[in-house]
Peer 1: 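Here's a structure for you.
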Amino acid sequence: MTQKAYDPQSIEKKWQQRWDDRHDFACRTDAARPKYYVLEMFPYPSGNIHMGHVRNYCIGDVMARCKRMQGFNVLHPMGWDAFGLPAENAAIKNHTHPAKWTYSNIDNMRCQLRRLGYSYDWARELATCRPEYYRWEQMFFLRLFEKGLVYRKNAPQNWCPSCHTVLANEQVIDGCCWRCDSKVEQKELTQWFMRITAYADELLRDLSLLEGKWPDRVIAMQRNWIGKSHGAAVTFPLAEPSEGAESIEVFTTRPDTLFGVTFMTLAPEHPLVEKLITGNPDADRVREFITKTRNMDRLDRQSDTLEKEGVFTGSYALHPITGERIPLWLGNFVLAGYGTGAVMGVPYADQRDFDFARKYGLPIKKIIQPADGNPDPTSMTEAMTAQGTLVACGEFDGMDNESAKKAITDKLQSMGLGHATTQFRLRDWNISRQRYWGAPIPVVYCPKCGLVPEREENLPVLLPLDAKVREDGRSPLPETPSFAECACPRCGGAARRETDTMDTFMESSWYFARYTSARTENTPFDEDAMRYWLPVDQYIGGVEHAILHLLYSRFFTKAMRDLGLYPKDLAEPFTNLLTQGMVLKDGGKMSKSKGNVVSPVEMIDKYGADTVRLFCLFAAPPERDFDWSDAGIEGSFRFLMRVWRLFQDEKDRLLMPMPPCGSTAADAASKTARDLRRKEHLTVKKATDDMCERFQFNTAVSAIMELVNAMYLARDVMTDDEGDRRVFSSAMATVLTMLSPVTPHVCEELWEDLGNVTPLAAAVWPAWDEAATQSDTLTIALQVNGKLRGTIEVPAGMDKDALETAARTDEAVLRHTKGMTIRRVIVIPKKLVNIVAG
RNA sequence: GCGAGAGUGGCGAAAUUGGUAAACGCACUGGAUUUAGGAUCCAGCACCGAUAGGUUUGGGGGUUCGACUCCCCCCUUUCGCACCA
């Protein structure tokens, strides 16, 4: 009876090597088997993995291993989101090349991931910076361009002065760059756009397919971002129309308040402004206002503390129904980019308009009478936003305001001055980046032919690796003749390449599809493989991508489907989404500046990967943040030691091979063993649900801990009879099998020590026998008026009457009902008896 | 302001359909073992109380025989959006 010491380092190395040699986690298309595609958001190769990565990949790995043991054909791949700005910055800082920096980081991080024993199919590994990958993206770009889903336009763009590039709206956080936090400026530029707005309605509508499968808040955030509003477009003719300036159109969600319009407010950027102020003696004052407002940066202009200011243009419009003269104002709070850049002013029913009217002494017209109260325009202190009945609205008087929305819109339509419409907040996605380390946009500018898309057969347009990164951060591509100077694909003459590269979010919008057939060379995807594996069944990642990556991927999926590149019935890329919580330290984010970064590699060196994995999963439910605790990881190590020791102590009593769960007979064993057997089946039932269905790994682990505790108690009491040994051995098999997705190395090692030749990774998930979970006796709670007064042990089959009698004669119950009349007795079989007395 | 969460012991948390609140673990306390430390084992551990017993899931109300769980009001807190007409 030699006892082996627990040496995680050697065990883990051994099993990682063996899984690798045997290709245990390689998978292939197999139409005969149900598939399960589990994916974690792939990492940016920043240098080292951190605890957030570890947690993310542990969650995915447990899912993958569980589903595999449950008989699913599991696809669980890993790759690298390898283009992007940090590579360029690091290259400048360290005098290296972004490619060199990126590939060496990938090598380093791959080693780190391997040390954690994740069950990836490494044969499908991809890196988005490789031409074999981005060539397909260039092809998609060309196809999308052909379809009009990619286009070029000149417009003010978000410009990050520190990164020297434009940013998508989604990449501007509180007016600052999502990467470097610099204040974002506006700059007029010609850029490439993805027509994501063409899918606004579908992106919104299909959120309902994700209800209950994606976190509510992610769905809510996307819904808000898309921002659909229903309302009406209304045309106000100008009082003094001129060439090219006949009317002003507004968008409103409140056409029912049309009769309350007493002014209109235009954005200072509105195209008709210059025409409206000609002839106004105060034109200079207006121009001054425009300049002042336009010079404010985006952050200040959009802050809620900004005082609402405006200026009268000197021009008037005519009310579309009443024909009244409506003064036209400019306002600093009107957004040029939303709706038509002009709003009708209804101070009675809109708080902003109310503030504006009060400030500039504009009239307020009462148009809706609420159910209670009687707002008076001369004395009211805030806008009336409640529902009500229309007054002073001509033919619409007496109508409730909800019905009036349609009625007034219909009236406008019949006059040719309006119609029902919708507005979205969503803007098209700017995908041009003035950076080097990205996928080249496959377009050529020819002096003769103009803009010419590259021919598909000429792809990939290679990003030149001999370009020198510039110290100032600007892209070297425009000054790299070998790249920028090229032949026109149409006429063959000298032409110039587009030197902007694509936003890195392009690469991550389709990588999950490439994994289904990562090595095909002549097509982006193998049709059969893609059809078999897509969509991703379970996606896991941080909530920081709730809008960016997850919205872009949803859009890209729909566009690719419509191009015929994805299966035509594929609506959504990710069926289920789990957003994992952050790993914190001392209540906050780990950061280098605070010096509180916990290094995964150090933890693996100290405790082994199994302990790190166990702690990450046991510390909290996966979607919740948790604080890293040095004491906590000690506890996880202790538990694995406890399992190890139990095994070593009892090794000689264990049967080989161990009987699978459910195979043991109850009658051949002692009472202790029978109780252990029941505990085993209860554990399988709970842990199966927690680990494989609910993904509550913390409670799954605690259930297994309870079983281990029960085994420790049982081992001293049990006999050495065959029946008892069978029960104990089965419980041991169950512990090792069910724990193996969480701590695979140590479980494999012990499994092998018992003489098993087939790997645990290929074992079948245990099944429980419902009958075996039943006990002969039950503990029944006794309550008097809902308060617990005691418990009694009764035979499992006891009927209601007998339970009631037992409860009524219980000593504690008698004590608490003394001198009272029993009015009612509630008997819940197998649970409790509640005696209502008074 | 709008939207989505969260609030339970000293701490991380559990309670899946309304049915014994605090499982599992951390920390802590006492004991055993040990030259010592560590490790391990045993016992205790929501709060008040010597006990009997009483109180307890952010606060207040309600439904119910029974509420962490359902309904209403309020408070605190995290995250996201925020002049979107």
Peer 1: B:U63 and B:C84: how far apart are their P atoms, nearest whole angstrom?
Peer 2: 42 Å
Peer 1: Report the residue (A:Gly341 or A:Leu713) whose heavy-atom-nearest nucleotide on RNA chain B is the more 5′ of the two.
Peer 2: A:Leu713
Peer 1: When you measure from the side-chain N and O atoms of A:Lys787 to the phosphate of B:U55, is any distance below 4.0 Å, counting only OP1 and OP2?
Peer 2: yes
Peer 1: In whole Å, measure the gap between the P atoms of B:G18 and B:C70 for me.
Peer 2: 8 Å
Peer 1: Under the side-chain contact (heavy atoms from CB on, under 4.5 Å) rule, collect the residues that match up with A:Met582, sequence neighbours excluded.
Peer 2: A:Leu584, A:Lys589, A:Asp625
Peer 1: Whole-Å distance between B:A39 C1' and A:Glu634 CD?
Peer 2: 11 Å
Peer 1: Given the C1' atoms of B:U20 and B:C73, what is the spacing between them in whole Å?
Peer 2: 31 Å
Peer 1: Of all the choices, B:A85, B:G53, B:A14, which nucleotide is nearest to the side chain of A:His816 once you look at every atom?
Peer 2: B:G53
Peer 1: Do A:Asp649 and A:Arg715 meet the salt-bridge criterion of a basic N to acidic O distance under 4.0 Å?
Peer 2: yes
Peer 1: For the side chain of A:Leu788, starting at C-beta, report the closest nucleotide among B:A21, B:C83, B:A82.
Peer 2: B:A21
Peer 1: Where the side chain of A:Thr252 is concerned, which of B:A85, B:U16, B:G25 is the nearest nucleotide?
Peer 2: B:A85
Peer 1: Are A:Leu167 and A:Arg179 packed together at the side-chain level, in the sense that at least one heavy-atom pair is separated by less than 4.5 angstrom?
Peer 2: no
Peer 1: At less than 4.0 Å, is any side-chain N or O atom of A:Arg624 found next to OP1 or OP2 of B:A14? Yes or no.
Peer 2: yes
Peer 1: Which of these nucleotides, B:A85, B:G25, B:A23, is closest to any side-chain atom of A:Ser702?
Peer 2: B:A23
Peer 1: With rounding to the closest Å, how many angstrom separate the P atoms on B:U77 and B:C26?
Peer 2: 33 Å
Peer 1: Per the ring pair (Phe, Tyr, Trp, His ring centres under 6.0 Å) rule, which among A:Phe637, A:Tyr607, A:Trp628 passes with A:Phe615?
Peer 2: A:Trp628
Peer 1: What does B:A15 pair with, Watson-Crick or G-U, if both distances are under 3.5 Å?
Peer 2: none
Peer 1: Walk me through whether A:Arg352 and A:Asp355 qualify under side chain to side chain contact (heavy atoms under 4.5 Å, CB included).
Peer 2: CA-CA 5 Å; A:Arg352 287 160 311 187; A:Asp355 296 341; 5.5 Å; no
Peer 1: Return the pairing partner of B:C41 with a 3.5 Å limit on both distances, Watson-Crick or G-U wobble; otherwise return none.
Peer 2: B:G31
Peer 1: Would you tell me if any nitrogen or oxygen in the side chain of A:Arg642 comes within less than 4.0 Å of OP1 or OP2 on B:C41?
Peer 2: yes
Peer 1: Measuring to OP1 and OP2 of B:A14, would you say a side-chain N or O of A:Asn698 lies under 4.0 angstrom away?
Peer 2: yes
Peer 1: Taking only the C1' atom of each, what is the distance from B:G5 to B:C42 in whole angstrom?
Peer 2: 43 Å
Peer 1: Any residue in residues 210-220 of chain A with a heavy atom nearer than 4.0 angstrom to RNA chain B? Just list them by number, or reply none.
Peer 2: A:Asp216, A:Arg217, A:Ala220
Peer 1: Under 4.5 Å between any side-chain heavy atoms of A:Glu307 and A:Asn332, yes or no?
Peer 2: no
Peer 1: Both A:Met221 and A:Gln696 contact RNA chain B. Taking the nearest nucleotide for each, which residue is further toward the 5' end?
Peer 2: A:Gln696
Peer 1: Choosing from B:G25, B:A23, B:A85, which nucleotide comes nearest the side chain of A:Phe251?
Peer 2: B:A85
Peer 1: Could you check how far CZ of A:Phe615 sits from C1' of B:C24, rounded to whole Å?
Peer 2: 14 Å
Peer 1: How long is the line joining CE of A:Met641 and C1' of B:A39, in whole Å?
Peer 2: 8 Å
Peer 1: Could you give the distance separating B:G25 and B:A15 at their P atoms, to the nearest angstrom?
Peer 2: 16 Å
Peer 1: Rounded off to whole Å, could you give me the CZ-to-P distance for the A:Arg352 and B:C84 pair?
Peer 2: 4 Å
Peer 1: Rounded to the nearest angstrom, tell me the gap between atom NZ in A:Lys685 and atom P in B:U16.
Peer 2: 14 Å
Peer 1: Less than 3.5 Å between a donor and an acceptor, one on the side chain of A:Lys831 and one on the base of B:U20, is that the case here?
Peer 2: no
Peer 1: May I have the distance from A:Leu577 (atom CG) to B:A4 (atom C1'), rounded to whole angstrom?
Peer 2: 14 Å
Peer 1: When syn is taken as a glycosidic angle within 90 degrees of 0, is B:G10 syn or anti?
Peer 2: anti
Peer 1: Using only heavy-atom distances, decide whether a donor-acceptor pair under 3.5 angstrom links the side-chain of A:Asn224 to the base of B:C81.
Peer 2: no
Peer 1: Under 4.0 angstrom, heavy atoms only, what part of the nucleic acid is A:Arg645 near: base, sugar-phosphate, or nothing?
Peer 2: sugar-phosphate
Peer 1: Rounding to an integer number of Å, can you tell me how far A:Trp628 CH2 sits from B:C26 C1'?
Peer 2: 14 Å
Peer 1: I need the CE-C1' distance between A:Met582 and B:G5, as an integer number of Å.
Peer 2: 14 Å
Peer 1: Can a side chain N or O of A:Thr699 be found less than 4.0 Å away from OP1 or OP2 on B:A23?
Peer 2: no
Peer 1: Take A:Arg642 and A:Asn709 through the test side chain to side chain donor-acceptor pair (under 3.5 Å) and record every step on the way to the result.
Peer 2: CA-CA 9 Å; A:Arg642 212 165 133 75; A:Asn709 291 347; 2.8 Å; yes
Peer 1: Please step through ring pair (Phe, Tyr, Trp, His ring centres under 6.0 Å) for the pair A:Phe263 and A:Phe356, ending with a clear verdict.
Peer 2: CA-CA 10 Å; A:Phe263 60 95; A:Phe356 197 77; 5.5 Å; yes
Peer 1: How about A:Trp429 and A:Phe505: are their ring centres within less than 6.0 Å of each other?
Peer 2: no
Peer 1: Closest to the A:Arg638 side chain: B:U40, B:G19, B:A85?
Peer 2: B:U40
